[in-house]
Each structure stands twice: as structure tokens, then as C-alpha cells.
Amino acid sequence: MAHLPIVQFEEQIIRTVEDNSVVVVIGETGSGKSTQLSQMLHRHGYSKRGIIGVTQPRRVAAVSVARRVAQELGVKLGEEVGYAIRFEDRTSDLTRIKYLTDGVLLRESLSDPELSHYSVIILDEAHERSLNTDILLGLVKRLTKLRASNLKVLITSATLDGEKVSEFFSESPILNVPGKLYPVEVVYSRERPISYTESCLKTALDIHRKEPEGDVLIFMTGQDDIEKLVSKLENKIRGLEEGSCMDAIILPLHGSLPPEMQAGFSLFPFPFSCEVKVFSPAPPNCRRFIVATNIAETSLTVDGVVYVVDSGYVKQRQYNPSTGMYSLDVVQISKVQANQRAGRAGRTRPGKCYRLYPSLMYQDELLDVTVPEIQRTSLAGTVLYLKSLDLPDIDILKFDFLDPPSAESLEDALKQLYLIDAIDENGAITSIGRTMAELPLEPSLSRTLLEANENGCLSQALTVAAMLSAETSLLPNRSSKNNEKKRKQEPVELPTGSGYGDHIQMLQIYEQWDRNGYDIRWCRDTGLQERGMVFVKDVRKQLSQIMQKIAKGSTDVRANRRYRESEHDYRNLRKALCVGYANRLAERMIQHNGYRTIGFKPQLIQVHPSSVLKADDDGMFPNYVVYHELIATSRPYMRNLCTVEMRWVSPIFKKLENLDVSKLSGGLHRDVRNGEGKSLELTKKENVAARTPDDHESRVLAARERFLARKAQK
DNA sequence: GAGCACTGC
């Protein structure tokens, strides 16, 4: 591996590690840091007293890098070199170098808070700032003090903010390792485009007409735009004079494509890094245009790209802690992302990157780094995890994050955890909370499982939790023309939740799959996502194993069948869901089919049209539902819901009335009282007030007016 | 009657 740039720095790296407990390594793409750092430390004896652990944000990366390193060392994968990802542990007593996802390392630290098996921890790709990496940065910082004598930590990052990380670790040294990228010429647009699809189209055609051979990678924001551009590009290129240009193949690339459509999808490690390659190379005298989302920024690599077209935008999911609502917004990319995109043009030879925005905009408007995930997501799970670690010397709410989340976001998390009994009124973790933290689920689902265990419907709850873990929609999209074309024969009918909503439908679907012997063809016939369903089965198995210790009934899918057939209302399961989702309750407006959220800044929300829950014969929806997610797209919607009964709901209202966020958060609330903390106080009062009938009605009207006003604005 | 960027335990 003499050609890897990092190799010539071996002595310097080892010396620095010897003298310091934390070292930051900045290495661009192709420097070899992911495969070589672990081997160097192994060679110099660091694996004698413990394991060298290397974390990766993605599963495929952990597997392919481990495979590569095993190959380089000439050992069998799973022996000296192994990996651990969810559902798959390929390590043994012999393992000295272990690649693992950062999520797996967080799980390990639950049972071994000092991570005592490890002599070295390398946090790779820290610049991506995934939620899990950020938590690990905080935990590892603490460990470097506790285990100063026998733990070495290396943080690797591809970019700028090495100094920030170094400061975080009390001025630890920074080593710079050059990468193996070819120069990329950056071309800016003179002005920002009116329509970036048109601008992409024009730029792509210009490249095709004027530039020498080489593939083109175009970064767009989502599936819709990608499909539009692909068809426009096809038309335009077909319209070009024959013989005036080389041939062209135009390919979409985004996450919801089935793997076989991500043509030539393979896990072959790229010679210098270990990324996933897509597509077979273009035939001679033919140019490929790949129109992609940001999946092509980090997760997938397209070889042969010489030209990159960068729209400057990305779709980002963000959470609003005051409303409990997620939204998916098109936002400007950061400078780091812009450079990452440009770098995709220089992997095989010098390339060109066309930025469809002016250089001034790059300078002045683009953020230096992407907003870390920890500041864009609900923290209920994270806070519960940290509370369950019982770190004696650390106040969770002052937890040492590289970039701390807002006080409002932390308070929101506490409030949610309190409503589902994971913490008590003083903010201390309860025994329920402790058990919840052991489950690889979001807190609401963990709580549902525990309640179901008391309720005698554990096996059903396991199924629902597993189904909901498979984020991406498993259900077929009946109205889509594509699907109709594909399936000539009538699709097999799926159950519809018996009027109780999407959770119950999911349970019924999985039970039906069980009755069909988990036949993959059955998924195909019904239009269910096969891969998704297999994933659900794996998750269910894992959850069952964890619950086994405390299970009061059978975890078998069929356990409840006889019971259910005699009583069709899924009462116990819905009760359990009501307890687990106490923080996600919605109440229907008077004489109105809109709902308002309970426990957040009150807002008008609708049942998502994809829901199986339909209005009754009088055109009305049930009075109370719990929802899995609030998402603002064209309007605020509840997705995946379950009907609950009014008398199950009253304990939730009682809890909300007694809610005192300042008690939950200890000292935190005082610090922010003059700032955003106030809004929570308001929320509480409003909630109580809103339950008196008069007030409720005026609130309904006000909400309705707001809604109509927003609609008019559009 | 709408649409979903990407990860992970």
C-alpha cells in the first residue's frame, strides 16, 4: 500500500499518538486514513492491551473497510480483523481491529460505559457530524480523562473544522494528511438561477456539446426534480443533430430506487477508499449523465465522473421542538458540502465543477459547515440514552457537546420523556426509562412495548414496533400509474386496520405475511416492499430477544391469535399505544375534521391522506388519536395514527397539567428563562386553558382562521 | 387527496 499518501506519515503519526491521548487527523478523500490508521497502530503494539475500534457512520462502510483491511493483512475476516453492525457481529476472541457503526459502539457503552475492551478508538468521518458521532465525541472526551493512561483516541475528519475538534479536546494536535484527488476547476454562474432545473439542463447540454469525454454528475434535491430533469435531458439530447455529439445515457440516482435500479450496484472497495461503487462504466464514445440526490455525496461513488453540476441545494429534514413537527425543506448546502460535491469530479483525473450560483454567494451566504444533526432532530432518545448511562460526574443537560443543541430542544426532550414515564417529575430516570433505553427503538415505541408486556399483548406490540422501525413506507402506492402498469393482475387485498388506523393495519399485514409462511412472493403480489419486510422481520427478532428477559407472555407472532379472533377491537394494544404515545396525542376540533396537538404549541393538523383511517359514515374522524409523526409538507399532517378512547386520555391531561419543565431540567431552565424557555411555560398554560369548552371553541376558530390565512397566502 | 433527502441501534 505504498501508494497511499498516509503511509509516509506513519512515524509522525505514531509519535504523536504516543505523546497525546487525543489526536485529530485531517485527511482528504483517498488519503487512506480509514484503512491505514488502524493497521499502523496495530503494528506498533496498540492492539496488545485491547482492541482497536474504528467507527463508521454507515454499515456498508464498516463492512467494506473491514474486508479490505483483512485482505491487506492476509487474515480471515472475523478473526484478527472483524466488524460489528446491527444484526451482524463478525468478530471473535481473536479480533484486534474492529470496525463498527457508531450506533453499535453507543450500544456497547451501555453495558461497558468505560469501553474497557478498547485500547484505541478511532472516530472516522467525524466531519459528517452524525447524531451518533456527536454523542460519541462527548462520551469519548470524558473517557480520555478517566482512562488517561490506557486509551488513545483518534478523530478523523475530511475538512476544515479540525481546529474546532482540536479545541474541544483541549488543544489536541492536528495532523494533516494529503488526499489523492486530482485538481478540480470550479466554474461559477454569474447570477443565481431562476429555475435550477432549467439551469442544470442548460449546463449539462453545454458540457455535452463542448467538453471532451467524461461522465457528468448532477446534484439535485429530490426524486421529483430528478425525474423531470432526466426526461427533459433525454428529449433534448435526442433532438441534437446526429453525429454532432457522442451518445449519452441518462440515469437517475436516489434512495428510493430499488437496488437493482442502482445499476451494477456493488460493494467492491474502491482501490484507495472503501466506498460503494455504482453503475458499470460507460461504453466507449458514450457519456453518462447521473442525476442524483446527495446520496452521491458520501454514500455512493460513481466512477468515471469528470464533470459535476452543483445546484447548491439539498433537501433536509428538521425538527421544531416547539411544535413537535418535522419538515422537509430545500435549503442551501454548506461550503463543506459544496467542496465534497466538487471533489466527486476529481477521483480519476482532473475535473470541472459547475456551481449554479455566483462565487459571492458561496463566500457570503453558504454556511461553513452543515448544521449538525443533533441540532435538527428530536432529542428524546438521546437524552434518555445519556440519562441511562448514569454518569456521576456529568450533568446531562450540560453535557459536553461539540455543538450543543438548544435549551428548547433539550426541554422538549425532557417533557416528552416525562409524559411517557421514562423520567420522574424531578428529571431522574425511572426504572421504566432504564428498560426503555435498552431497546433499539424510539422512546414512544419502547414505552409501548413495556406497557404491552403488562397488558398481555406484547407479541402484537413487537410487530407494530418492528413495522414502524422500517421508516420508509412499506405499503404499495396504489394510485401510482407505474404500479398499475407493472402488475397486470388484481393486487392481493391488504387488511385495512379494522377502522383503528395504521398501527393496527401494520399488525394485520405482518400477521398475514406470517400466515403466508414469510413468502417473499406474497410481498411481491401485494406490492409490499420486500427488502423492507425482511428488515422488519430482523428487527422483530432482535426486539423479541431483548424483551425475552422480562417478557410476561409469549413473543411469538401467533401468540395473540386466538385471543384476537374472539375480540376484534385490539383494545389492549391500542391502550398500550396510548400510554407509549402519550406525547403524541391529538384531539379533533369541534364540528371540524382537523385535529389539534396536545402538549405542544397548539396547532391545526390533518390526517395524512395516505392514512388508512377514514372518516365515518357522518364524515367525521374519531375524537382522539395518537400519531407516529407530525410532518409539514404542503400542510401539517399526522402520519401513521391509531384511534384511542377518551377515558384512556385523561391521565395524559392530568400529567400535562402537573408538568413543570423547570423541575424536570434542574438548573437548565433558569439559564434560559429570559429566552426561549418561556414558550414552554406558555404551552402549559394554554393547554390547560384550552380544555375549558369556551376557550376550546375560540381556539378552534382562531386555528381555523390561521389555517385559512395560510392557505390564502399560498 | 398527497409525495419522501440521507443515515442508524
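So that the names make sense, note that chain A is the first sequence line, chain B the second, and so on, each numbered from 1. These numbers come from a predicted model, not from an experiment.
Rounded to whole angstrom, the span from the CD atom of A:Gln606 across to the P atom of B:dA2 amounts to 10 Å. One can place CD1 of A:Ile333 at 16 Å from P of B:dC6, the figure rounded to the nearest angstrom. In this structure, CD of A:Gln340 is placed 20 Å from P of B:dA5, rounded to the nearest angstrom. In this structure, A:Asn132 places its CG atom 9 Å from C1' of B:dT7, rounding to the nearest Å.
Contact annotation: A:Arg59 reaches the phosphate of B:dC9 (side-chain N/O to OP1 or OP2, under 4.0 Å). Look at A:Thr293 and you'll find a side-chain N or O under 4.0 angstrom from OP1 or OP2 of B:dC6.
Listed candidates were B:dG1, B:dT7, B:dA5. Nearest to the side chain of A:Leu328 is B:dA5.
Rounding to the nearest 0.5 angstrom, the gap separating the CG atom in A:Leu110 from the OG atom in A:Ser388 is 5.0 Å.
Residues passing the salt bridge (charged side-chain N to carboxylate O under 4.0 Å, His left out) test with A:Asp124, sequence neighbours excluded: A:Lys33.
Of the options A:Glu365, A:Gln337, A:Gln316, a side chain to side chain donor-acceptor pair (under 3.5 Å) to A:Gln332 is made by A:Glu365 and by none of the others.
Shown here is A:Lys614, whose NZ atom has more than 12 heavy atoms of other residues, nucleotides or ligands within 6.0 Å.
Between A:Ala126 and A:Thr133 the shortest heavy-atom distance is CA-CG2, 4.0 Å.
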Represent DNA chain B in dot-bracket notation, 5' to 3'. Only Watson-Crick or G-U wobble pairs with both distances under 3.5 Å count; pseudoknot-style crossings use [ ] and interstrand partners use |. .........
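Within residues 98-111 of chain A, the residues that have a heavy atom under 4.0 Å from DNA chain B are, in order of number, A:Thr101, A:Gly103, A:Val104, A:Arg107.
Figure legend: cation-pi geometry between A:Arg317 and A:Tyr326, with NZ or CZ positioned under 6.0 Å from the six-membered ring centre and within 45° of its axis.
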